[in-house]
Amino acid sequence: MSKRPVRPSNAHDADRLTPAPPPGRFLDSPTFPKQSKVELGNAVQRRNLYDAMRTIRTKRVGVTSEADDWEDLRLAGEAIKNRTLRHLDRYLLQLEESLTAAGSTVHWARDAEEANAIIVGLVNAALATPQGDQASAREVVKVKSMATQEIDMNEALEEAGIAAWETDLAELIVQLGHDRPSHILVPAIHRNRSEVRQIFLDEMGRYGRPAPDDLDSEPVNLAAAARLHLREKFLRAKVAISGANFAVAETGTLVVVESEGNGRMCLTLADTLISVVGIEKVIPSVADLEVFLQLLPRSSTAERMNPYTSFWTGPTDGDGPQATHVVLIDNGRTKVLADPVGRDALRCIRCSACINICPVYEKVGGHAYGSVYPGPIGAVLTPQLRGVASAVDASVPYASTLCGACVDVCPVRIPLPDLLVHMRHKVVEAKAHGRPHADDVAMRVTGKVLGSPGVWAATTKAISGTGAVLKKGRVDHFGPLPWPLSLWTNARDVPAPPNESFRAWYARTHHKDGSPR
Amino acid sequence: MASTPAQRGAGPATTADVGARITVALFATCANDVMFPQAPMATTRLLERLGCRVVFPTKQTCCGQPLVNTGYYDQSVPIVRNFAETFGGYDYIVAPSGSCVGAIRHQHAMLADYAKDPGLRRDVDAVTSRTFDISEFLVDVLEVTDVGAYFPHVVTFHPTCHSLRVTHVGDKPNRLLAAVGGITVRELTDADRCCGFGGTFALKNPDISVAMASDKARHVADTGAEYLVAGDNLCLLNISGVLNRQKAGIKPIHLVEVLASTAADHE
Ligand code: SF4
C-alpha cells in the first residue's frame with residue numbers, strides 16, 4: 001500500500017487560497033537513507049518508476065542514436081555552456097541590455113527571499129492596475145518552472161494573499177494532491193490513474209471548476225477534466241509567471257520548451273508576464289539554440305522535437321502580455337561557479353536524462369532527496385546551492401553507486417560521478433570540523449592499513465588466519481550477522497575468507513624473480 | 001565466419017609465443033588478495049600459459065578507491081603514492097578488476113594534483129598509462145582473444161559498471177568469452193544496469209542496494225545459467241550474496257578464472 005495518503009487531511013486548508021503542500025521545509029528533510037526506506041515501500045511508485053523510466057530510457061536511445069552528429073552536439077553543448085559560464089558577468093550584462101531594449105524590465109535577486117519579494121511586489125502592482133470594471137482576482141497562472149519551485153515561490157505568494165495555480169497537468173495533480181513533485185519532468189510519476197481521478201474528484205471543486213461526477217480513470221477523460229478546470233483560470237488570469245529554458249543574451253529573447261501548450265496559454269493570455277530565470281540559463285546567441293533545441297527534447301521527453309517551443313522578445317503592441325518582467329536569480333549559483341570542479345553542474349539544462357537512467361532514483365523516486373532537484377543532478381547541485389550543513393544535504397552525495405550511467409546520457413557532458421565524489425569530499429571536509437563520526441574512524445583506520453605495505457601484509461595474514469579457523473569449523477558462508485555486518489548480511493550472504501591469501505600462495509609457488517617454483 | 005565449438009578453445013598454434021619475454025607486474029587488488037585469491041591465481045596461470053613472466057611486487061596494497069569514493073582524499077594520497085612507487089619500474093601492470101584499474105587511471109592523477117605534488121603527478125601519469133585490466137591486456141597488448149580456454153558450462157556475463165564506463169573495456173570480455181571452448185553464453189537482460197554494490201553505498205544505503213541486486217539476481221536466474229561471470233569480484237560478491245541467500249544454485253566466477261580453465265581441468 002502507498003504510504004502517501006491520496007488525500008491528506010489538512011487543517012490549514014480553510015485559511016488558504018491554494019492546496020497546502022506537505023508541512024516542513026526541504027532543509028529539515030530526513031536524510032536520504034532514512035527517507036528512502038519509506039519510499040522503497042511505496043508499491044505504486046516502485047511499479048510506475050520501473051516501467052516509466054525503462055520506457056523513456058529506451059526511447060531516448062532511439063532518438064539519440066538516429067542523430068549522426070549526436071556526440072558532436074553534446075561536445076558543442078558543453079563548449080557553449082563552458083564559454084558562457086567563463087564570461088558569465090559579460091553575458092548577463094548583455095542580456096540585461098537586450099532585455100531592456102526589447103521593452104522588458106530586468107530585476108536581479110541575490111537569493112530566494114529577494115526574488116520572492118520582487119515577484120510579490122510585481123504581482124501586487126499588476127493586480128492594482130485597473131483592468132476594465134471588474135476587480136481582478138488575486139491570483140496568477142504558472143508555467144511549469146524549476147526556478148520558482150527552487151525559491152518556493154508559490155508559498156511566498158500564498159502568504160501575500162495571492163493564489164499561484166500550476167497549469168502543467170502533472171504539476172496540477174501534485175498541487176491538488178497536497179503533494180511535492182517527485183521528478184523534474186514528470187512530477188506526478190509516483191501517482192497512478194485512479195489516484196489522479198480521486199484527487200480531481202476531491203479537490204478540483206474546492207479550487208475552481210469541479211471534475212465531472214462521472215469522471216473515470218481513462219487518461220483522455222482525466223486530461224479533459226484538467227483542461228476544463230484550467231481553461232477557467234487561463235481566461236481569468238491577469239498575471240502569468242514562467243521560468244525559461246534559455247535566455248539569449250544577444251537579443252533578449254526568452255525560450256520555453258514544453259509539451260502540453262498550457263505554458264503557451266500562460267505566455268500569451270495574461271496582461272503581465274513575470275519570468276523567473278536562473279542566471280546560468282543565459283546563452284550567447286540565437287544560433288546556439290540550434291544545438292540546445294536538438295539536445296533538450298531528445299534527452300528529455302525522448303522526442304525529436306517537443307510540441308511547443310515559445311520565444312518572446314519583450315512585449316508586442318496589442319498582442320500578448322503588455323508588460324514583461326524578468327527576475328534573474330543567483331540563489332547560490334555564483335557560489336557554484338566559484339568552485340572549479342563543482343561549476344560543471346551549472347551546464348545543466350534540466351533535461352532529466354540522468355534521473356531517468358539512475359538505478360538509485362528508479363528505486364526511491366524524487367521525494368527522498370529533500371530538494372526539488374532529485375537524482376544525480378540533484379545530488380550534486382542541491383548541496384552546492386545550499387551547502388552541506390543540513391543532514392539531508394550531507395547525505396545526498398552518497399545517494400549513488402557511482403555506476404556512471406548518467407555520464408553517458410548527459411547532453412552537456414557533466415561528469416556527474418566525479419562531482420558526486422567531489423561533494424563527498426566537501427562533506428568529509430565539513431565533518432572534520434565537527435564531532436568525529438563512525439565513518440571517519442573506519443576510513444582513517446582503512447587509510448592507515450592500506451597506506452602502509454607492512455601493516456597491510458600483516459592484515460592479510462590475520463584475515464587468512466580467521467579463514468583457516470572458519471574452514472576447520474566447516475563455515476564457508478555466513479547468513480545474517482550482527483550490526484554493522486548486518487548492513488550487508490540482512491539480505492545477502494557473504495563467503496568466509498579463504499585460508500590462504502594470494503600473496504601467500506604466490507610466495508609458496510614462485511621465486512622472487514617470478515619464475516614458478 | 002564463426003568458428004565451431006570444436007575449433008574454439010584450441011588457442012593459437014603456439015600459445016606460449018603470444019606473451020614471450022613480456023614481464024607483467026600483477027596487481028592482485030586488496031579484496032582479491034584476501035577474499036578472492038582465485039582471480040589473481042588464475043591471472044598468473046593464464047599469463048604464464050601465454051608465455052609471460054608474472055611478478056608480484058609485495059609492497060602493493062590497494063587502488064585507494066574505497067577511500068576516494070567516500071570522500072577521504074587526504075587518507076588516499078599515501079595509497080596513490082605507494083602504488084606509483086611499487087609499480088613505477090614495470091612496463092605492464094595488470095589487474096583482474098575493471099573497477100580498480102578504472103580508479104587508478106581515472107582518480108590517481110586528480111589525487112596527485114589534490115596533494116599539490118607535481119613529482120607524484122609525473123610518476124602517476126607514467127604508471128597509470130601502463131596499467132591494464134586483464135581483458136584489455138589480453139586483447140590489446142597480447143592481441144589474443146582465443147586464449148586456449150575450455151569451460152563446458154552455461155554462463156551469463158555481467159559487464160560491471162566501472163569496467164564499461166570508467167575503464168572502457170568495451171566488448172573485449174565478451175569476445176574473450178565467446179572464444180572459450182565448450183562454453184554457452186546466455187544473454188543477460190539489462191546487463192549494463194548497476195548491481196547495486198557501489199562500495200560503501202552497499203552499507204550506507206543497504207536497502208536500495210539490495211533492491212538493485214535483487215533485480216540483477218532475477219535477470220541472472222532467468223538466463224538459466226550455471227555460472228555468473230564478471231570482471232570484478234566485489235560486484236559478484238553482491239549479486240551472488242542475493243543468489244546464495246535464495247539458494248538459486250548459480251555460482252559466481254571471475255572472467256579470468258574461466259579464461260584460465262583448460263580441457264585438462266575438466267578431465
Ligand atoms: S545533469 Fe545533464 S542529464 Fe542531468 S538533467 Fe542536467 S543536463 Fe540533463
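Chain letters run A, B, ... following the sequence lines, proteins first, then strands; residues in each count from 1.
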(request) Using non-hydrogen atoms and a 4.5 Å limit, figure out which bit of B:Leu243 sits close to chain A: side chain, backbone, both or neither. (result) neither
(message) Given heavy-atom pairs under 4.5 angstrom as the criterion, report whether the side chain, backbone, both or neither of B:Asp192 touches chain A.
(response) neither
(request) May I ask you to name which of B:Met110, B:Gln38, B:Arg81, B:Met41 has the most heavy-atom pairs under 4.5 Å with chain A? (result) B:Met41
(request) Find the one option among A:Ala507, A:Gly451, A:Cys403 whose heavy-atom pairs under 4.5 Å with chain B are most numerous. (result) A:Cys403
(message) Below 4.5 Å, heavy-atom pairs only: which of B:Ala28, B:Pro40, B:Cys30 has the largest tally toward chain A?
(response) B:Pro40
(request) Walk me through it: do A:Arg54 and A:Tyr50 pass the test side chain to side chain donor-acceptor pair (under 3.5 Å)? (result) CA-CA 6 Å; A:Arg54 165 180 302 260; A:Tyr50 191 83; 3.2 Å; yes
(request) Answer with side chain, backbone, both or neither: which region of B:Tyr114 has an atom nearer than 4.5 Å to a non-hydrogen atom of chain A? (result) side chain
(request) Check whether any side-chain heavy atom of B:Phe87 lies under 4.5 Å from a side-chain heavy atom of B:Lys59, and answer yes or no. (result) no
(message) So for B:Gln60, is it side chain, backbone, both, or neither that comes closer than 4.5 Å to the heavy atoms of chain A?
(response) both
(request) For chain B, find which of A:Ala399, A:Pro417, A:Pro480 contributes the most heavy-atom pairs closer than 4.5 angstrom. (result) A:Pro480
(message) Any donor-acceptor pair under 3.5 Å linking the side-chain atoms of B:Gln107 with those of B:Gln65?
(response) no
(request) Go through the side-chain N and O atoms of A:Asp439 and B:Thr70 and say whether any donor and acceptor fall under 3.5 Å apart. (result) no
(request) Indicate whether the side chain of B:Arg53 and that of B:Thr23 have a donor and an acceptor atom separated by less than 3.5 Å. (result) yes
(request) For chain A, find which of B:Leu67, B:Val166, B:Asn82 contributes the most heavy-atom pairs closer than 4.5 angstrom. (result) B:Leu67
(request) Determine the sole option in A:Tyr398, A:Tyr361, A:Tyr369 for which the ring-ring contact (aromatic ring centres under 6.0 Å, His included) test with A:Phe32 is passed. (result) A:Tyr369
(request) Identify which part of B:Thr44 has an atom lying under 4.5 Å from any heavy atom of chain A, answering side chain, backbone, both or neither. (result) side chain
(request) Consider only side-chain N and O atoms of B:Asn238 and A:Arg492, and report whether a donor and an acceptor are under 3.5 Å apart. (result) yes
(request) Consider only side-chain N and O atoms of A:Ser486 and A:Thr489, and report whether a donor and an acceptor are under 3.5 Å apart. (result) no
(request) Assess the side chains of A:Ser182 and A:His190: does a donor N or O sit below 3.5 Å from an acceptor N or O? (result) yes
(request) Determine whether more than 12 heavy atoms belonging to other residues, nucleotides or ligands lie under 6.0 Å from atom NZ of B:Lys116. (result) no
(request) Among A:Val364, A:Thr401, A:Thr509, A:Val455, single out the residue with the greatest number of heavy-atom pairs under 4.5 Å to chain B. (result) A:Thr401
(message) Sub-4.5 Å heavy-atom contacts with chain A: which residues of residues 194-215 of chain B show up?
(response) B:Cys194, B:Gly196, B:Phe197, B:Gly198, B:Thr200, B:Phe201, B:Ala202, B:Leu203, B:Lys204, B:Asn205, B:Pro206, B:Asp207, B:Ile208, B:Ser209, B:Val210, B:Ala211, B:Met212, B:Asp215
(message) Using a 4.5 Å heavy-atom cutoff, which residues in residues 95-103 of chain B come close to chain A?
(response) none
(request) For B:Asp232 and B:Cys235, indicate whether the former's side chain and the latter's backbone hold a donor-acceptor pair under 3.5 Å. (result) no
(request) Verify the ring-centre separation between A:Phe502 and B:Phe56: is it less than 6.0 angstrom? (result) yes
(request) Among B:Ile79, B:Val34, B:Val55, B:Leu164, single out the residue with the greatest number of heavy-atom pairs under 4.5 Å to chain A. (result) B:Val34
(request) Check whether B:Arg165 gets within reach of chain A through its side chain, its backbone, both or neither, counting any heavy atom under 4.5 Å. (result) side chain
(message) At a 4.5 Å cut-off on heavy atoms, which part of B:Val80 comes close to chain A: side chain, backbone, both, or neither?
(response) neither
(request) Decide side chain to side chain donor-acceptor pair (under 3.5 Å) for B:Thr128 and B:Arg105; before the verdict, give the C-alpha distance in whole Å, the side-chain angles of both, and the deciding distance to 0.1 Å. (result) CA-CA 5 Å; B:Thr128 56; B:Arg105 290 213 294 238; over 6 Å; no
(request) Start with the C-alpha gap between B:Asn32 and B:His254, add the side-chain angles, then the distance that decides, and say whether side chain to side chain donor-acceptor pair (under 3.5 Å) holds. (result) CA-CA 11 Å; B:Asn32 283 327; B:His254 194 288; 5.3 Å; no
(message) Testing B:Thr43, B:Ile22, B:Leu50, B:Ile93 one by one against B:Phe137 for a side chain to side chain contact (heavy atoms under 4.5 Å, CB included), which residue passes?
(response) B:Ile22
